[in-house]
Asks: 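The following block contains the structure, expressed as structure tokens.
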Number of protein chains: 2
Amino acid sequence: MRDLANALGIEAASIYSHIKSKEEILQRVCFKMAQEFFEAIDAAEATERSATDRLKRAIAAHVQVLTQNTEAAAVFLHEWRHLSEPMHSTYLSLRDKYEARFREIIRSGISNGEFTVPDEKFAALTILSGLNWTHTWYKPNGKMTPAEIADNLTEMLLNGLSTKKQALQDTYSHLNTP
Amino acid sequence: MRDLANALGIEAASIYSHIKSKEEILQRVCFKMAQEFFEAIDAAEATERSATDRLKRAIAAHVQVLTQNTEAAAVFLHEWRHLSEPMHSTYLSLRDKYEARFREIIRSGISNGEFTVPDEKFAALTILSGLNWTHTWYKPNGKMTPAEIADNLTEMLLNGLSTKKQALQDTYSHLNTP
DNA sequence: CCTACCGATCGGTAGG
DNA sequence: CCTACCGATCGGTAGG
């Protein structure tokens with residue numbers, strides 16, 4: 001709190017005329033970020049499209065929020081542990097609701113044949129963890145824009161590393177020789 | 001330190017007859033884990049095989065170390081930030097060496113056509129971040145063993161979610177009709 | 001490994 | 001928003 005006061009150019013005690021406690025700052029950051037993530041995915045899912053397309057847009061929306069303010073993102077992703085009850089439980093249930101949005105996209109992609117995946121819960125977790133690492137290395141002046149990062153992430157998570165197209169084209173290539 | 005002493009059944013001051021400082025504990029955990037990760041990947045890469053196979057084994061080895069002791073893994077992944085110099089720099093260079101092992105596998109897979117990926121550095125980062133999330137939810141008595149987790153992770157990261165085989169088989173299926 | 005401490009720092013309050 | 005302060009807790013030491 002002394003550091004914060006210093007950065008603001010006021011005395012430490014004066015902070016408490018603006019907020020009730022140190023934890024209030026944590027709460028505000030965590031729930032403001034949660035709100036931003038929900039607004040972003042709402043916009044991403046607004047139009048009716050294929051699961052692949054909805055997932056692409058959800059990934060781009062998530063990366064956009066993450067990179068907008070990497071410090072707030074770090075608080076949202078790590079410091080929520082220090083929330084006291086009942087905020088702690090509220091946070092957890094919001095996070096699960098958000099993850100469920102990704103699970104739902106994956107589930108619909110499985111049922112219509114767009115996706116093949118062993119476990120939708122596991123898949124959602126792996127996707128989100130891949131996205132969430134971004135905040136640790138993203139630099140606003142780096143060579144990749146948030147949109148480019150999202151494109152690369154989408155490419156990796158949807159298609160994987162394996163050159164499957166190539167392998168399958170090889171498999172079928174004898175059929176194509178004139 | 002008081003909590004630690006309590007758990008050990010001794011007085012707080014007595015801890016200091018075993019260690020020099022609180023930070024020494026952090027150092028020991030961080031560098032012991034680093035050593036374990038290197039030993040695991042050394043074993044995984046010992047035999048000459050395809051890049052796909054080496055990556056599979058490296059993933060399994062990494063997940064094995066992560067799940068062996070999730071609390072130490074959490075310290076290794078997050079608390080290293082509090083290391084003071086020169087340990088902080090040493091840690092960072094070890095981590096980069098480790099990541100380079102994954103980049104090297106990916107690079108060799110690209111050059112022999114096993115992998116197709118836009119950026120090997122980006123790919124290595126995304127793989128590792130997908131793996132490193134495991135420590136937050138893994139439970140020794142859960143339904144997935146470390147080996148099963150590794151298999152699922154490998155499947156997702158190598159092949160992605162998209163049902164590409166199916167899509168390509170559809171593309172070529174007219175060629176197969178008798 | 002313990003008793004007896006210490007200086008520094010922490011989040012926060014009273015009263016203006 | 002400030003001055004003046006407080007009780008609690010922190011990592012750690014001296015000396016046995």
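Here the structure is a predicted model, which is why all the values come from computation and not from measurement.
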Asks: Would you jot down, in residue-number order, the residues of residues 84-91 of chain B having a non-hydrogen atom under 4.0 Å from DNA chain D?
Replies: none

Asks: Give me the one residue out of R54(B), K56(B), R57(B), E120(B) that meets side chain to side chain contact (heavy atoms under 4.5 Å, CB included) with I105(B).
Replies: R54(B)

Asks: For residues 14-28 of chain B, please give each side-chain donor-acceptor pair under 3.5 Å, one per line with the distance, not counting sequence neighbours.
Replies:
from	atom 1	to	atom 2	distance (Å)
S17(B)	OG	S14(B)	O	2.6
S21(B)	OG	E24(B)	N	3.4
E23(B)	OE1	S84(B)	OG	3.1
E23(B)	OE2	Q27(B)	NE2	3.3
E23(B)	OE2	S84(B)	N	2.8
E23(B)	OE2	S84(B)	OG	2.8
E24(B)	OE1	K20(B)	N	2.8
E24(B)	OE2	R28(B)	NE	3.1
E24(B)	OE2	R28(B)	NH2	2.6

Asks: Distance check, rounded to the nearest 0.5 Å: E99(A) atom CD versus R103(A) atom CZ?
Replies: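 The CZ atom of R103(A) is 6.0 Å from CD of E99(A), to the nearest 0.5 Å.
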
Asks: Knowing that exactly one of Y91(A), F37(A), F76(A) qualifies, which makes a ring-ring contact (aromatic ring centres under 6.0 Å, His included) with Y98(A)?
Replies: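 Among Y91(A), F37(A), F76(A), the one meeting ring-ring contact (aromatic ring centres under 6.0 Å, His included) with Y98(A) is F37(A).
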
Asks: Do E85(B) and S89(B) have side-chain N/O donor and acceptor atoms under 3.5 Å apart?
Replies: yes

Asks: Side chains of P146(A) and Y138(A): closer than 4.5 Å at any heavy-atom pair?
Replies: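 Yes, their side chains come closer than 4.5 Å.
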
Asks: Please give the nucleotide sitting opposite dG16(D) as a Watson-Crick or G-U wobble pair, both distances under 3.5 Å, or none.
Replies: dC1(C)

Asks: R2(A) side chain: which of dC2(D), dC5(C), dC10(C) is closest?
Replies: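 The answer is dC10(C).
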
Asks: Which residues within residues 15-24 of chain A lie with some heavy atom under 4.0 Å of an atom in DNA chain C?
Replies: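 The answer is Y16(A), S21(A), K22(A).
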
Asks: How many angstroms lie between atom OG1 of T116(B) and atom CE of M156(A), to the nearest 0.5 angstrom?
Replies: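 Interatomic distance, T116(B) OG1 to M156(A) CE, rounded to 0.5 Å: 11.5 Å.
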
Asks: Is a side-chain N or O of E114(A) found less than 3.5 angstrom from the main chain of T52(A), in a donor-acceptor match?
Replies: yes

Asks: Nearest of dT3(C), dT3(D), dC1(D) to any side-chain atom of E11(B)?
Replies: dT3(C)

Asks: Nearest whole Å is fine: how far is dG11(C) P from L26(A) CG?
Replies: 13 Å

Asks: Report the nucleotide, chosen from dT3(C), dG11(C), dT13(C), that has the shortest atom-to-atom distance to any side-chain atom of A13(A).
Replies: dT13(C)

